[in-house]
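Along the sequence shown, the residues carry numbers beginning at 1. Just so you know, these numbers use all the heavy atoms, side chains as well, and skip hydrogens, waters and symmetry mates. Note that the structure is a prediction, hence the values are computed from the model and not measured.
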Amino acid sequence: MTTAPAATASYELAAPLMDAVDSLTDELVRRILDAEHGYVESTSLTREQLREACFANVTALISNLAGIRPIDLDSARAAGRLKAEQGVPLAALLHAFRLGGRLIWEELMERSEADRPRALLDIAAQVWALVDVYSDAAADAYRLSTEARAEQDADVRRRLVRAVFAGHGSNPAAVSDALRTFRIPERGSFVVVSAEASCADIATRGVDAIWDSEVDGVLGLLFAGSDALLDAVVDAIPAGSGNIGVSSLFSSPSGTPAAVEQARLARACARVDDSASTRFDSVPVPLLLAGNPDSGRTAGRQILGKLLDLPDAERSSLLATLDAWFRSKGSTTDAAERLHYHRNTVLYRLRRIQELTGRDFLDPVHASELFIGLRAYQLCMDGSIQ
């Protein structure tokens, strides 16, 4: 621990430096700009801002060494925030503090008398201890500012993305800003995707995408120079990617809000579609039902009738057989293979459905009604076909 006489000697060494703060600041700025490319390459930090920060910290350091005032970290924290805001790397910030400590130490060495080695050693320890304290304070402020800025940037980006999907009607200025930010063309080929999880891996050369998180998944706006390229990307979505709905193609960003609704509806229909992704214009009957669930429930009850009164296991078994038969294009043999049943078992269950519903599966009109009833059950009545 430094004794009082030693402390007094240290103060006497440092006190004259108060008159040289301006010249020391100028020298420090020169050294920083010569040695640290992070400051030179920064497009935001001006020389005046750098000098102001250096002046404040040099003054604070020397004031403490001279015993004029206790440690004051406000200038260090301010420097940390400034460098974070202006994009100066953290390593460059910390190097600047080390350069400042070295400059002060060199000045003390030059001004000291040869017969005061003890005071010089004491003040050397103080200089580097202060540099560590100030560097830590600046680094903490830098990190906090960086985190806050990242969060703010993410929030701004989220608002811009939401503006794209909401459309011009909500906030025209925000939409215009978003289109410029994401470089979305005014004309081109566009499609909206609604999915359970991010499908960023479906993007390919020539196709750009922006994504927005939702409570139950994500929305994606994909855009490219041609419809064919977007079609190729959508067709390449691998099976097993979850329920994915795809809107119709459109040619202007203004069509995005309507396409969002299309994609969501298509996704609602995805669980009754064999495709890896369900396109809005490829499942007309499920779309009608999903878009009008009340009418769908009414149709389901009218068409399936007594079948809905069966115990859960029997009802699910019969409807699973009907579903497999439709997916097999009316082939009982293929449906049996799909279900791993004997063909006669499939025929028996289809006849049982006919008895319960009053609709002959071999009659085209009745078969179409059974298809509607089945899809209504699956989409509008919380049906689960095992």
Side-chain angles (χ1 to χ4, degrees), residues 194-196 216-217 235 237-246 263-386:
S194 175
E196 293 178 351
D216 59 346
D235 291 341
I237 295 175
S241 299
N243 292 337
I244 298 175
V246 182
R264 285 173 175 160
L265 264 179
R267 179 182 164 195
C269 301
R271 61 194 179 97
V272 299
D273 186 23
D274 279 335
S275 304
S277 59
T278 300
R279 291 178 179 255
F280 177 79
D281 45 13
S282 68
V283 284
V285 171
L287 281 174
L288 282 174
L289 296 168
N292 300 277
D294 289 339
S295 298
R297 284 187 284 272
T298 299
R301 285 191 293 268
Q302 291 176 347
I303 294 168
L304 298 179
K306 296 178 182 179
L307 192 153
L308 296 177
D309 298 330
L310 296 175
D312 291 346
E314 185 177 1
R315 180 178 66 246
S316 295
S317 177
L318 291 177
L319 291 176
T321 300
L322 185 61
D323 185 70
W325 185 73
F326 279 122
R327 294 182 188 275
S328 300
K329 298 180 173 62
S331 169
T332 52
T333 300
D334 291 347
E337 291 180 359
R338 183 186 289 265
L339 295 168
H340 306 291
Y341 292 157
H342 191 279
R343 178 174 176 273
N344 288 341
T345 302
V346 174
L347 283 171
Y348 167 78
R349 291 183 176 180
L350 290 174
R351 292 190 184 107
R352 176 72 171 142
I353 291 170
Q354 180 177 332
E355 292 173 2
L356 291 166
T357 64
R359 287 170 172 81
D360 182 358
F361 60 93
L362 296 177
D363 182 305
V365 174
H366 288 183
S368 65
E369 292 178 348
L370 286 172
F371 179 79
I372 292 172
L374 173 68
R375 292 295 184 249
Y377 178 80
Q378 293 170 321
L379 296 171
C380 308
M381 304 172 76
D382 297 323
S384 178
I385 304 299
Q386 304 297 327

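With respect to Ile353, the side chain to side chain contact (heavy atoms under 4.5 Å, CB included) criterion is satisfied by exactly one of Leu374, Leu319, Leu307, Asp360: Leu307.
In this view, Asp294 and Arg297 satisfy the side-chain hydrogen bond (donor to acceptor under 3.5 Å, both in side chains) rule, not counting sequence neighbours.
No side-chain heavy atom of Lys306 sits less than 4.5 Å from a side-chain heavy atom of Glu355. Between Arg279 and Val283, the closest side-chain pair of non-hydrogen atoms is not below 4.5 Å.
Across Ala367 and Phe326, no two heavy atoms sit closer than the pair O-CZ, 3.2 Å. Residues Ala324 and Arg338 come closest through the heavy atom pair CB-CD, 3.7 Å. The two residues Gly296 and Ala376 have their closest heavy-atom pair at O-CB, 3.2 Å. Annotation for Gly373 and Leu304: closest pair O-CD1, 3.6 Å, computed over non-hydrogen atoms. Cys269 and Leu379 make their closest contact through CA-CD2, 4.0 Å (heavy atoms, listed as atom of the first residue, atom of the second, distance). Nearest heavy-atom pair, Ala270 versus Thr278, reported as atom, atom and distance to 0.1 Å: CA-OG1, 3.2 Å.
For the atom pair CG (Leu265) and OG (Ser194), the distance works out to 10.0 Å, reported to the nearest 0.5 Å. In this structure, the separation between CG on Asn243 and OG on Ser277 is 11.0 Å, given to the nearest 0.5 Å. In this structure, the separation between OH on Tyr377 and CD1 on Ile303 is 14.5 Å, given to the nearest 0.5 Å. Rounding to the nearest 0.5 Å places CG of Asp363 at 9.5 Å from CD of Gln354. Atom CZ of residue Phe371 and atom CH2 of residue Trp325 lie 11.0 Å apart, to the nearest 0.5 angstrom. Taking CG of Leu350 as the reference point, atom CG of Leu318 lies at 9.0 Å (rounded to 0.5 Å).
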>> Evaluate Glu369 against Thr357 for side-chain contact (heavy atoms from CB on, under 4.5 Å), listing each step before the verdict.
In response: CA-CA 10 Å; Glu369 292 178 348; Thr357 64; over 6 Å; no
> Under the salt bridge (Lys or Arg N to Asp or Glu O under 4.0 Å) criterion, do Arg375 and Asp273 qualify, and how do the steps go?
Replying inline: CA-CA 10 Å; Arg375 292 295 184 249; Asp273 186 23; over 6 Å; no
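For the 3.5 Å distance criterion, the side chains of Asp334 and Ser328 fail to qualify, holding no donor opposite an acceptor.
Of the possible donor and acceptor atoms, one in the side chain of Ser368 sits under 3.5 Å from a partner among the backbone N and O of Val365.
Salt-bridge formation is detected for the pair Arg327/Asp323: a Lys NZ or Arg NE/NH1/NH2 atom is positioned less than 4.0 Å from an Asp or Glu carboxylate oxygen.
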Table please: side-chain donor-acceptor pairs of residues 340-347 below 3.5 Å, with sequence neighbours left out.
| from | atom 1 | to | atom 2 | distance (Å) |
| --- | --- | --- | --- | --- |
| Tyr341 | OH | Arg349 | NH1 | 3.1 |
| His342 | ND1 | Asn344 | N | 2.9 |
| Arg343 | NE | Thr332 | OG1 | 2.9 |

